[in-house]
*Asks:* 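Here it is, the structure, as structure tokens.
Values reported hereafter were calculated over all heavy atoms of this structure, with side chains retained and with hydrogens, waters and symmetry mates removed. Given the structure is predicted, the values throughout are model-derived calculations rather than measurements.
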Amino acid sequence: MEMRGELIEKAYGGSLRAHKSPDRPYLVEKISRNDPSEVIISFSGSGAVKDWYSQRNFGETKIDLTLFPSLRSIGSDEPALVNETFLKRFQGIILLPRPSLADEVEKAMRKKKQIVFAGHCSGGPMAILATLWTLEKYEGPNSHGGIPPLCVTFGSPLVGNHIFSHATRREDWSRYFFHYVMRYDIVPRILFAPLSSLDQSFEQISQSFNPRSRSFLSESVGRSSSISDFYFTIMSNAAIVTSHDASKLMCITDTTTLETLENFIPLSPYRPFGTYIFCTGNGNLGKKIVITNPNAVLQVLFFSAQLSTEAEEAQVAYRSLKEHTIYGTELQQIAAQNFVHLDQQQLQKLPLSEDDAGGSTDLGLSPKARLCLRAAAELEERKCEKEKKLREKRSFIEKKLTKEIGEYKEMWAHQRVGFYDGFREHKKAEDFKANVTRLEIAGVWDEIIEKLRNHELPDEFEANREWINLGTRCRKLVEPLDIANYYRHGRHYADDASSYMVKGRPKRYRYPQRWLEHAERRPREAISTTCFWAELEELRYKTFNGDVSDTNVEERVVRLVGQIEEWCKKEELDKDVFLEGSTFVKWWKTLHPRHKNQPYITTLIRE
């Protein structure tokens with residue numbers, strides 16, 4: 001996506017006005033009197049330490065999934081980490097009385113207006129969170145339409161960790177975010193350093209970007225002796241983070257060694273996302289370097305702020321604060337400026353010699369830096385190649401499901417026996433063959449899930465509808481066989497913790513179920529239709545001879561009976577469940593009459 005030059009300039013103007021109005025959490029402005037179809041919502045910032053760092057070293061916390069349900073790794077169900085103080089500030093903005101931010105957004109979305117959320121400095125994180133909150137509310141299968149919001153930040157600090165970045169790319173939301181960063185601006189790099197390493201310097205230096213301070217946007221702070229220590233402390237920590245990630249990109253060090261190092265060296269969790277536009281600092285004569293690869297952006301954040309000559313050493317620390325205040329100058333007549341887009345292909349082809357280095361030389365990127373950028377692009381290429389290879393395995397699974405598992409199920413249907421019950425008995429040669437097929441499919445899925453857990457596949461993989469549908473089909477046809485095999489071998493007898501749902505259910509079924517629930521914004525199911533047999537087996541074991549004296553068991557029986565009726569009305573449960581002699585019918589007959597007083601289910605059994 002692209003943004004008009006006028007829009008960017010207006011967004012910066014609004015951001016600066018909001019930043020200079022700290023008593024107002026945000027400002028709402030029309031972009032043009034002649035064009036009421038666009039509106040800018042700009043957020044104020046803060047330079048107080050308490051508004052940047054919480055008590056933790058890097059100030060991170062788990063994202064509020066009630067506000068941002070998509071900001072997690074779906075399969076592993078691991079929430080993103082975000083800066084705690086930024087999150088709390090945004091939660092406070094959401095709770096403000098009318099006219100609230102929600103009212104402003106609802107009014108603009110209803111009128112099909114283009115909303116641009118904007119922020120300078122720590123107003124940037126508020127703009128980012130507001131954009132994501134709006135996307136959560138108005139995008140997706142259950143949304144009511146409207147124009148997707150845009151977000152543009154200027155000198156914004158980082159907000160979230162790698163899962164935060166992963167989730168925005170998976171949802172295809174990262175294209176709505178544009179982050180302008182001056183080459184030496186220290187503010188976007190601050191959160192690479194833990195608060196403990198900054199001592200008291202942050203409180204003093206942050207006054208230059210604290211709108212409540214008399215030193216706001218003043219050059220006097222930048223001339224202080226502590227700014228040099230402040231700059232080098234942050235960049236030293238940035239060097240550790242980027243070197244660690246570069247080692248992963250280039251596969252220089254094995255994973256175990258890197259994990260061991262992480263236990264001894266505190267690493268910032270924060271990572272970039274969205275589109276970054278790096279400004280070279282030459283005003284409207286300078287180039288703007290555009291990068292969307294988050295791993296490449298991370299490397300540029302470090303390498304572009306390095307010294308070019310020893311003579312610069314005395315000036316670079318001062319410049320790191322000075323550049324945070326000159327975005328307005330840099331963005332003048334931006335529509336006419338030269339933008340260099342370093343996409344995947346161009347990143348891969350970056351020359352390692354100083355000659356013909358393209359736009360990378362405008363950022364002072366060394367050969368080592370360019371090597372890291374190439375590695376970042378090559379990593380994405382490897383992920384895409386691995387996904388392409390998995391397509392062959394997807395065809396393998398589909399054939400196995402259609403021909404072998406499908407025919408196996410039909411065989412039992414002709415004999416008026418449910419394929420779950422037939423497989424559980426395991427007396428025929430066909431049962432053995434079906435078990436081999438089950439293991440073959442399981443092997444492929446386990447390989448896929450392992451690659452996913454190791455971040456070897458594209459971020460968009462978990463949102464790929466073809467894989468979601470295949471995973472759903474596997475759960476429906478193959479998971480009942482896994483459950484039958486689990487209980488056929490009596491693995492549940494040890495204790496309650498040994499039930500299939502607690503101990504036995506593989507990730508190859510848990511992950512696709514979460515993919516489907518997320519894709520369709522379904523509520524989470526404690527017991528899905530594919531896990532019906534597992535819950536039935538547990539209750540059958542616990543209610544032997546109809547004993548449901550345990551309160552917890554009583555509640556589970558009532559819940560399962562109610563769910564069975566609901567599933568049947570939606571035609572989500574196979575009819576072979578109700579065949580005479582099935583595991584379910586045997587259990588049903590042992591229940592107390594008060595539980596069997598379900599005419600709908602009784603009718604299905606008689607049929």
*Asks:* Could you go through the side-chain contact (heavy atoms from CB on, under 4.5 Å) check for V577 and I564 one step at a time?
*Replies:* CA-CA 10 Å; V577 169; I564 290 171; over 6 Å; no
*Asks:* Is D446 reaching over with its side chain to a backbone N or O of G443, donor-acceptor style, under 3.5 angstrom?
*Replies:*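 Not at all, since once roles are kept as given, no pair shorter than 3.5 Å links the two residues.
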*Asks:* Looking at E520, H518, E525, which hits side chain to side chain donor-acceptor pair (under 3.5 Å) with R522?
*Replies:*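 The passing option is E520.
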*Asks:* Less than 4.5 Å apart, any side-chain heavy atom of F396 and any of E392?
*Replies:*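 They are not in contact (no side-chain heavy atoms under 4.5 Å apart), so the answer is no.
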*Asks:* Rounded to the nearest 0.5 Å, how far apart are CG of D459 and CG of L452?
*Replies:*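 Between atom CG of D459 and atom CG of L452 there are 9.5 Å.
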*Asks:* Do R508 and C474 have side chains that get closer than 4.5 Å, going by heavy atoms?
*Replies:*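 No; the side chains remain at least 4.5 Å from each other.
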*Asks:* Establish, from distance only, whether the side-chain atoms of Q91 and D64 form a donor-acceptor pair under 3.5 Å.
*Replies:*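 Note: Q91 and D64 side chains meet the donor-acceptor criterion.
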*Asks:* Looking at NZ of K433 and CE of M411, how far apart are the two atoms once the value is rounded to the nearest 0.5 Å?
*Replies:*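 That separation rounds to 10.0 Å.
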*Asks:* Students often mix this up, so state it plainly: with edges at 30° and 60°, are the rings of F90 and F68 parallel, tilted or perpendicular?
*Replies:*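 Tilted, since the angle between the ring planes falls between 30° and 60°.
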*Asks:* If you take all heavy atoms of L71 and E136, which pair is closest and at what distance?
*Replies:*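 Of all heavy-atom pairs spanning L71 and E136, the closest is N-OE2, 3.9 Å.
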*Asks:* Can you list the residues that meet the salt bridge (charged side-chain N to carboxylate O under 4.0 Å, His left out) rule with E566, with sequence neighbours excluded?
*Replies:*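 Per chain and number, E566 pairs via salt bridge (charged side-chain N to carboxylate O under 4.0 Å, His left out) with K570.
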*Asks:* Looking at CZ of R438 and CG of N485, how far apart are the two atoms once the value is rounded to the nearest 0.5 Å?
*Replies:*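 These two atoms lie 4.0 Å from each other.
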*Asks:* State whether the number of non-hydrogen atoms from other residues, nucleotides or ligands found under 6.0 Å of K383 atom NZ is greater than 12.
*Replies:*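 Check passes, neighbour count above 12.
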*Asks:* Can you name the residues that form a ring pair (Phe, Tyr, Trp, His ring centres under 6.0 Å) with H162, not counting sequence neighbours?
*Replies:*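 For H162 the ring pair (Phe, Tyr, Trp, His ring centres under 6.0 Å) partners, ignoring immediate neighbours, are H455.
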*Asks:* Looking only at side chains, do T437 and E404 share a donor and an acceptor under 3.5 Å apart?
*Replies:*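 Note: T437 and E404 side chains meet the donor-acceptor criterion.
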*Asks:* I'd like to check W533 versus R424 (side-chain heavy atoms, cut-off strictly below 4.5 Å). Are they in contact?
*Replies:*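 They are not in contact (no side-chain heavy atoms under 4.5 Å apart), so the answer is no.
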*Asks:* I'd like to know whether CD of Q345 has more than 12 heavy-atom contacts from other residues, nucleotides or ligands below 6.0 angstrom.
*Replies:*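 For Q345, atom CD is not crowded (no more than 12 foreign heavy atoms under 6.0 Å).
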*Asks:* Is any side-chain heavy atom of Y487 closer than 4.5 Å to a side-chain heavy atom of S499?
*Replies:*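 A side-chain contact exists here, since the closest heavy-atom pair is under 4.5 Å.
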*Asks:* Who pairs with W587 by side chain to side chain donor-acceptor pair (under 3.5 Å), at least two apart in sequence or on another chain?
*Replies:*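 With sequence neighbours excluded, W587 shows a side chain to side chain donor-acceptor pair (under 3.5 Å) to T543, given in chain and number order.
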*Asks:* Under the salt bridge (charged side-chain N to carboxylate O under 4.0 Å, His left out) test, which residues partner K62, sequence neighbours left out?
*Replies:*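 Residues passing salt bridge (charged side-chain N to carboxylate O under 4.0 Å, His left out) with K62: none at all.
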*Asks:* How many angstroms lie between CG in L96 and CG in D103, if you round to the nearest 0.5 Å?
*Replies:*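 If we round to the nearest 0.5 Å, L96:CG and D103:CG are 11.0 Å apart.
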*Asks:* If you look only at pairs with a residue in residues 576-589, which of them pass as a salt bridge (charged side-chain N to carboxylate O under 4.0 Å, His left out), with sequence neighbours excluded?
*Replies:*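 Found E580-K589.
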*Asks:* Suppose we screen for side chain to side chain donor-acceptor pair (under 3.5 Å). Which residues come up paired with K88, at least two apart in sequence or across chains?
*Replies:*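 Partners of K88 under the side chain to side chain donor-acceptor pair (under 3.5 Å) test: E84.
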*Asks:* Does the side chain of Y420 reach to within under 4.5 Å of the side chain of D574, using non-hydrogen atoms?
*Replies:*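 No, too far: nothing below the 4.5 Å cut-off.
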*Asks:* If the condition is side chain to side chain donor-acceptor pair (under 3.5 Å), which residues does D77 pass it with, not counting sequence neighbours?
*Replies:*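 In terms of side chain to side chain donor-acceptor pair (under 3.5 Å), with neighbours along the sequence ignored, D77 is linked to R72, R524.
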*Asks:* Counting only N and O atoms by type, is there a donor-acceptor contact under 3.5 Å from the side chain of E462 to the main-chain atoms of G75?
*Replies:*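 Yes, E462 side chain to G75 backbone: donor-acceptor pair under 3.5 Å.
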*Asks:* According to salt bridge (charged side-chain N to carboxylate O under 4.0 Å, His left out), who are the partners of R271, at least two apart in sequence or on a separate chain?
*Replies:*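 Result, salt bridge (charged side-chain N to carboxylate O under 4.0 Å, His left out) vs R271: D245.
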*Asks:* Going by the rule ring pair (Phe, Tyr, Trp, His ring centres under 6.0 Å), which residues pair with F419 if we only count those two or more places apart in sequence or in a different chain?
*Replies:*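 F419 satisfies ring pair (Phe, Tyr, Trp, His ring centres under 6.0 Å) with no other residue.
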*Asks:* Show every ring pair (Phe, Tyr, Trp, His ring centres under 6.0 Å) that has at least one partner inside residues 559-580, sequence neighbours left out.
*Replies:*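 As it turns out, the ring pair (Phe, Tyr, Trp, His ring centres under 6.0 Å) pairs with a partner in residues 559-580, which skip direct neighbours, are F578-F584.
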*Asks:* Side chains of Y511 and W515 only: does a donor on one sit below 3.5 Å from an acceptor on the other?
*Replies:*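 No, no side-chain donor-acceptor contact under 3.5 Å.
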*Asks:* Run the side chain to side chain donor-acceptor pair (under 3.5 Å) test against R394 and tell me which residues pass, sequence neighbours left out.
*Replies:*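 Here the qualifying residues are E466.
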*Asks:* With the threshold set at 4.0 Å, does a side-chain nitrogen-carboxylate oxygen contact exist between R556 and E538?
*Replies:*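 Looking at E538 together with R556, the answer is no, because their closest N to O distance does not fall below 4.0 Å.
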*Asks:* Just say parallel, tilted or perpendicular for the rings of F164 and F273, cut-offs at 30° and 60°.
*Replies:*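 Perpendicular: the ring planes of F164 and F273 meet at over 60°.
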*Asks:* What heavy-atom pair brings I63 and P79 nearest, and what distance separates the two atoms?
*Replies:*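 Taking every non-hydrogen atom into account, CG2-CB, 4.1 Å.
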*Asks:* Return the minimal non-hydrogen interatomic distance between T529 and L573, and the atom names on each side.
*Replies:*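 Between these two residues, the closest heavy atoms are O-CD1, 4.4 Å.
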*Asks:* Would you check if there is a donor-acceptor pair between the side chains of R473 and T402 at a distance under 3.5 Å?
*Replies:*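 Side chains of T402 and R473: pair found under 3.5 Å.
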*Asks:* Please work out which of the three classes, parallel, tilted or perpendicular, describes the rings of W467 and W445, given edges at 30° and 60°.
*Replies:*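 The arrangement is perpendicular - the two ring planes meet at more than 60°.
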*Asks:* For residues F43 and I93, determine if any side-chain heavy atom of one lies less than 4.5 Å from a side-chain heavy atom of the other.
*Replies:*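 In short, these two side chains touch, coming nearer than 4.5 Å.
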*Asks:* If you round to the nearest 0.5 Å, how far is OG of S76 from CZ of R453?
*Replies:*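 Here the rounded value is 7.5 Å.
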*Asks:* Quick one: salt bridge (charged side-chain N to carboxylate O under 4.0 Å, His left out) partners of R505, sequence neighbours excluded?
*Replies:*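 In terms of salt bridge (charged side-chain N to carboxylate O under 4.0 Å, His left out), with neighbours along the sequence ignored, R505 is linked to E479.
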*Asks:* Verify the ring-centre separation between H426 and F423: is it less than 6.0 angstrom?
*Replies:*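 Between H426 and F423, which both carry aromatic rings, the centre distance is below 6.0 Å.
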